Structures are given as C-alpha cells and as structure tokens.
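In each ligand, atom 1 is the first atom listed, and ligand 1 is the first ligand listed. Predicted, not measured: the structure shown is a model, and the values here were computed from it.
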Amino acid sequence: MDHSQASARIDELRVILRENSRRYYVDNAPTMSDTEFDMLMHELEALETEFPDLLTPDSPTQKVGSDLATRNDFVQRPHRYPMLSLGNTYSIEEVEAFAQRADKALNVDFTYCCELKFDGTAICLTYRDGRLLRALTRGDGTVGDDVTENVRHIANIPQQLKGDYPPEFEIRGEILMPYEAFDALNREREANEDPPFANPRNAASGSLKLLDPEEVGHRGLWCTLYHIPAQCLDFETHDQALSAARSWGLPVSDERRICRNIAEIEAFIDHWDKQRKFLPYATDGIVIKINETACQKALGFTAKSPRWAVAYKFKAEQALTRLVSIDYQVGRTGAVTPVANLEPVQLSGTVVKRATLNNADQMALLDVRVGDWVYVEKGGEIIPKITSVELLRRPADSRPAGFPSVCPDCGTPLVREESGAKWFCPNQDGCPMQIKGRMLHFLSRKAMDVLAGEATVDQLYSLGLARTPADLYDLGEYQLLSLEGWQEKSARRFTESLAASRQVPFERVLFALGIRFVGETTARELARHFGDIDALAAASREQLLEVSDVGDVIANSVYDFLHEPRHLEEIARLRAHGLQFAVVRGQDALSQALEGKTIVISGNFSVSRDDMKELIVRHGGKNSSSVSSKTSFLLAGTKPGPEKLRKCEQLGVPVLSEEAFRALLPETPETLPEETVGQTPVEKQLSLF
Ligand code: IVH
C-alpha cells in the first residue's frame, strides 16, 4: 500500500471507528460486533505504525471511547487519574508477547494477577471518610458523567464502609446487569413496545444513565470492583489492594488467581472460557495484570492503556442448530432482509430462534440451505448471525436457498441498489409492509412516542383507514370505537397519545418522517442548523452539506425527499394537525431579542458555528444560509466569506461582528423588559447602519 492509499484507508477507518464508538458508548446500540471493531482498530494501528507521519493525536487509536452524554443530562467532572482502556489480545501468543515485553523492561521477578473481564460499563467510585462521595463514568477518560445519585441505588455498592479503610481513595470497576435482570427488563420493554436492549452491557450502560435514580434502583444493576489506582493508595501488590477493598465491604470478585508463568495463565484462560457459561453475568475475556505495584509503576502507561495489563478476549460463543426456514422481511425503506428461523438453541445466556443472513451476497457466500446445520454467533446486535454451515451434516436432497426476484409482500420485481448488496422493493406507495413500516417508525418511542403497536397499524391499514401518518390524526375516538376490539379506554389512550405528540420537538418529527439515512443525530443536527422545515426544504444540496456529519449520501436523500410533492403534501397535512415543524422556544428559549430577524452567519467565532446558530434560535431569531433582501443582517466572524460580504454590500444588508451581535443579547432572560417600548436593541443597532 502506498502513502496516499494508506492515508485514504486511515481516514476511512477513523470515520467508521468514531461512528461505532459513539453507537457503542453513547447510544448503547452498537451495530458492529466487538471483534469486528477490534479488527478495524488493529488495522488502523498497523497502518499508523507503518506510516508514522499519518498518526494524529485525535486518532481513535490514541483515545479511549467516550460515553459522555451528548445532551448534558449529567454534570461532567474531571477524573483525578485518567481512566484508561486495556490493550486487547486474541491468542496466547499475543499474551506471551506482552509478558516478554514486560520481562525485558523490568528485569526482576514478578507475578501476574489474572481476573475475569466483566462486560459492563466502567465506573469510578470515590470514598471519603468511609462514605460514598462520588461516582463518575469513564467518559472520555479525562472527564466523566457524575452518576452518583444513580449509583446510590445500586444494591451491592455500600454507602458506608467498614473496618480499617483509608480516609479517601478511588476504586474502579464495572456496573453489570446480570442475565436474569436483563431478561426481565427486556420482557417488560417488549410488553410496553419499547425496543429491547441488544445485550446486558448496553442495558447496564443505558440504565446507569437514566434520569430517575429510583428507576435505576429497579433495574437490578450490580457492581464489581477491580482496580485501585496505585497513585492513590500504596499497596505492595494489586491482589493485596483488592483483598483490602473487600475487607472494607466493597464488592470485589473472588475469581482471580496469581499466576507465575504463561502456562498458568493459559490454564486460567481455558478454565474460564468453558466455565463462564455458568456465571450469572456476562464476561468477554480475562484481564492479565502485573501484580507488583512497583513493577506497574516502572512500566507506566501509553496514551490509552497501562503497559502492565492486557486483556485476552474470548472468541464469540457459537451454537450449532438447524435452519428451519428463511423469511424475507421488507423494511420501511423497501430493503429486503433474509432472516433465518432456527430450531431454538441456548447462546450466551439467551435462547436464539432467529438469525440474520444480512443480504443475498452473504447467503450465496455461505451457501446456506433450508435443513442445514448452521453455526450462530452473537455480534453487536440483538439478532445473532449465521457464520458458517456444517457441511458434513447437510441433507443429501438440499437445494440452494436462492433469493426472491419479486417482493414477498406485494409481488413487485425487486431492484438492486446501485452501490450495495441489498435488494429493494421499489413500490414505495403500494407495498403494504413499507407503508405499515413507515407508520410504525413514525409512532415509535424515539420518534413521536405514540402508544400504538403493530396490531393497531395492521388493523387501521387493512381497513383502509390509514396509509400515512397524517391519516392517523384524522381518526376520531368515535370512529375507533366502531372498530373491532376497541374500547373507550383504548380509543382514548390512542387519541390522547396522538394529541400529546403535537408537543414533540421538531428534531424528532423530522426523524419520524423516515427520510432515508436521517437517524436521530442527523435529524437533530438538521433541525438545529435550519431551524424549521421551510428553511430545510429550501436548502440546496450544497447548503445541506454545510451541516456537520452530512455527506453526499444524506444531503441527496434529504433533498430528494423534500422535493417530492407527495412528501410535501404529507408534511402540510401534519402541519395542519399542529405538529412541530420549527425549533420552538420552549424551555430552551433565552430571550426574544432576535424575534423576526433572519440572520446569515459566516466565518469563525469564539464558539462553533452550530453553537452560534443555536444561540440565534434560542434568542428568537432565524438562521438562513444565503444572503437575500430578506436577510436582517450578516453575522460575520473572522474570515467571513467574501461572496457573502459582497452580496451584503450590493443589497445594503448590515454586517455585524460577533461583539456587536452579543451586545444585542440580554445577559440573562430575566433582564428582558416585560414589554419593549420603542426600538428593540436589535433595531437600535441596525439603525446605526
Ligand atoms: S483493569 C487501567 N480489570 O475492560 C486499567 N478492567 O476493555 C484499568 N474491565 O476499561 C482496567 N473487567 O472497563 C480491569 N478485571 C478487570 C476488568 C476491566 C472489565 C473493563 C474496564 C476497561 C475495559 C477495557
């Protein structure tokens, strides 16, 4: 690979790794398995080693994944000592290489403390005078979210220590959700039509960040502690530190062993690779730590992990079962996904009945056939994958599975996406699965959060009462009461829930519209950037590309969607029903100082451009991306666009510096006059021009 190819691949890997890190740590909804993620990280590390000039400090190889909440739901506090990650290994040879590196650097006798690698979410607890003072998540390793109140509701974390504890110290560990609590939570979520968590790790992490500490207490979380920073308390060995912590009443696992050599480490790994199936919580490997604290101190840390510890990751658990049949599911976008129905089998603590086959190419690659015995593995997602076929057990009369050429729901010939492996049903307006899928997405919790599920949508669709979300708002309680199975209570619940959805903020309405590639985050960015649907619909493809994280694919998808007459008609109907199609100044409003003003911004400011735009909206103004005669003023930072400045001069549009602009804003909302008499501060400022 030459330098420019390496540079392109490095950029690509960084984008993929950052995106998946966010999905894993922040959204608690990974779309890639841990192994796939680790492999890509290894590839990036190898390229950066080969081409050291391409290594940058912000590379994912140099930073721990961040779990910091994006919505400022928690106070963020600095860690006293950075909270790092661990290097991963996948074979005993790699563990041996770690041991040899340490041996060479130390030149003294030392031992290893081998422990389970608990698969939860990291936590850092501080105790002062024996009382729990603070609990921080790992965050980005430097600052973490303060989740102290939530942690006080986790049953096995003591509020008060016993015995001979030191006056103040930090201890780190993992918050886990045992399988039993996980299954109960997902059963409850499915009954409430909430999406289930993909695995106990995501459930633990999502639960730790709930906003209601009482609710955290009901989630059955559990804690295990495994590390006291050596800078904090001076014990001779790590093992002694953990024993002491246990004597103070802290939850420390007994499942650790002091090993003297690789053979003993290997025996510990082999033992737990088999026995972990019987543990009540998830583990994903073994952690091997150099036990003597003097040696730990001598070895120190890299930017991301200690040199005195390494993780050995278990291979994903597999199960062998029979493939009974294959369903072809049509999603709301028309994509057809093959899903395997399996003979139920136990895998990593849950019973697996279905597995994804991804797409036609994957099916052909595996040459998977109905009646085959197949290996299933759990990736990052809730639906496991089929990874291979046991050919020795293939029935003699089996035939290749093939892929349908027409939509299994409406019979329309399928088309293949230009640049992908997916087949699509192009009948967007007539395919029942797509129509119902779009309505279900619209109603879902993260979108409009309306209390209605598949059965309701099925019924309303098959009776011809609803084909689009706007139809749902046309339905009255009386009409529902005349339908089979509806009672006063359920009809009221549904209509009240629809009525409440009129308060759902614009960003979620935008997400609910189901524009392809526009997930929650992109919808939020678009809403923040444009302020309302009219500005968004008027934006050119180039203007859409100005939004952070929006590339060609998203920009084209948004543009095409908003230039389709039937979508505009649907939006107009939803708007007439009172749904939010503009960022409203509710709790977030700071003032009305910019009421009625349309502002264009250009250049760089003391804060990011998106923050500046948000400031405009929160003071009642409207953002626009191009200068016209309707522009109230151009807010120009350093290096404003010359084209924009010229246009302002031509049209006589005032130009304000950041300082002049800030002078227009009241310091706090309370300083706003009740009623503005005469000129508003903005008018005064503008009259100077
Ligand atoms: S020690 C300075 N011990 O695994 C290193 N970590 O993939 C401190 N983990 O960030 C970590 N079990 O959240 C350590 N027995 C164990 C662990 C463990 C799970 C987690 C921890 C760490 C992550 C790295």
Side-chain angles (χ1 to χ4, degrees), residues 17 21 24-25 28 30 33-35 37-38 41-42 60-61 63-67 79-90 94 98 112-125 135-142 144-145 147 170-177 199-202 204-205 208 222-233 237-239 241-242 245-246 250-259 265 268-269 272 276 279 281-291 293 295-297 299-314:
L17 289 166
S21 181
Y24 183 95
Y25 287 110
N28 296 310
S33 76
D34 290 6
T35 320
F37 184 88
D38 290 344
M41 186 68 90
H42 268 276
T61 58
K63 294 170 98 173
V64 301
S66 171
D67 69 43
H79 286 295
R80 191 178 301 173
Y81 316 107
M83 227 171 143
L84 300 175
S85 183
L86 289 171
N88 286 327
T89 62
Y90 296 88
E94 285 178 273
F98 157 78
Y112 304 94
C113 183
C114 294
E115 301 165 6
L116 292 171
K117 184 167 177 338
F118 304 95
D119 197 8
T121 182
I123 194 77
C124 175
L125 307 178
L136 299 183
T137 67
R138 183 166 76 174
D140 63 3
T142 313
D145 279 332
V147 290
E170 271 190 26
I171 185 160
R172 294 169 176 187
E174 208 82 355
I175 303 292
L176 305 167
M177 186 175 285
N199 52 49
R201 193 212 75 83
N202 297 331
S205 169
L208 186 63
W222 191 81
C223 177
T224 181
L225 299 168
Y226 47 61
H227 177 58
I228 299 181
Q231 310 94 306
C232 169
L233 288 186
T237 67
H238 167 72
D239 182 54
L242 292 189
R246 197 178 167 127
L250 288 163
V252 174
S253 166
D254 278 335
E255 317 296 3
R256 62 179 192 276
R257 191 173 141 194
I258 306 300
C259 295
I265 296 176
F268 187 83
I269 291 176
W272 281 112
R276 71 188 181 113
L279 290 170
Y281 44 77
T283 52
D284 61 342
I286 295 295
V287 182
I288 302 127
K289 299 174 181 173
I290 290 178
N291 191 28
T293 25
C295 294
Q296 290 188 0
K297 283 182 183 156
L299 287 168
F301 300 86
T302 69
K304 215 173 142 179
S305 50
R307 288 200 188 83
W308 45 262
V310 78
Y312 169 90
K313 297 281 279 272
F314 293 132

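Side-chain N or O atoms of Glu255 include none that pairs as donor or acceptor with a backbone N or O of Glu115 at under 3.5 Å. Judged by distance alone, the side chain of Asn291 and the main-chain N or O of Asp239 form a donor-acceptor pair under 3.5 Å.
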For each nitrogen or oxygen atom of ligand 1, which protein N/O atoms lie closer than 3.5 Å, and how far apart are they, rounded to 0.1 Å?
| unit_1 | atom_1 | unit_2 | atom_2 | d |
| --- | --- | --- | --- | --- |
| ligand 1 | 3 (N) | Lys289 | NZ | 2.9 |
| ligand 1 | 4 (O) | Lys117 | NZ | 3.1 |
| ligand 1 | 7 (O) | Lys117 | NZ | 3.0 |
| ligand 1 | 9 (N) | Tyr226 | OH | 3.4 |
| ligand 1 | 10 (O) | Arg138 | NH1 | 3.1 |
| ligand 1 | 12 (N) | Phe118 | N | 3.0 |
| ligand 1 | 13 (O) | Glu174 | OE1 | 2.8 |
| ligand 1 | 13 (O) | Tyr226 | OH | 3.1 |
| ligand 1 | 15 (N) | Glu115 | OE1 | 2.8 |
| ligand 1 | 15 (N) | Leu116 | O | 3.0 |

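Inspection of the Tyr90 and Asp38 side chains reveals an N or O donor paired with an N or O acceptor under 3.5 Å.
Scanning all heavy atoms of the two residues, the minimum distance from His79 to Gly141 falls at CD2-O, 3.5 Å.
Checking each of Cys124, Pro82, Ser85 against Arg138 for a side-chain contact (heavy atoms from CB on, under 4.5 Å) leaves exactly one that passes, namely Ser85.
Tyr281 and Trp222 have parallel rings, their planes meeting at less than 30° on a 0 to 90° scale where 60° marks the start of perpendicular.
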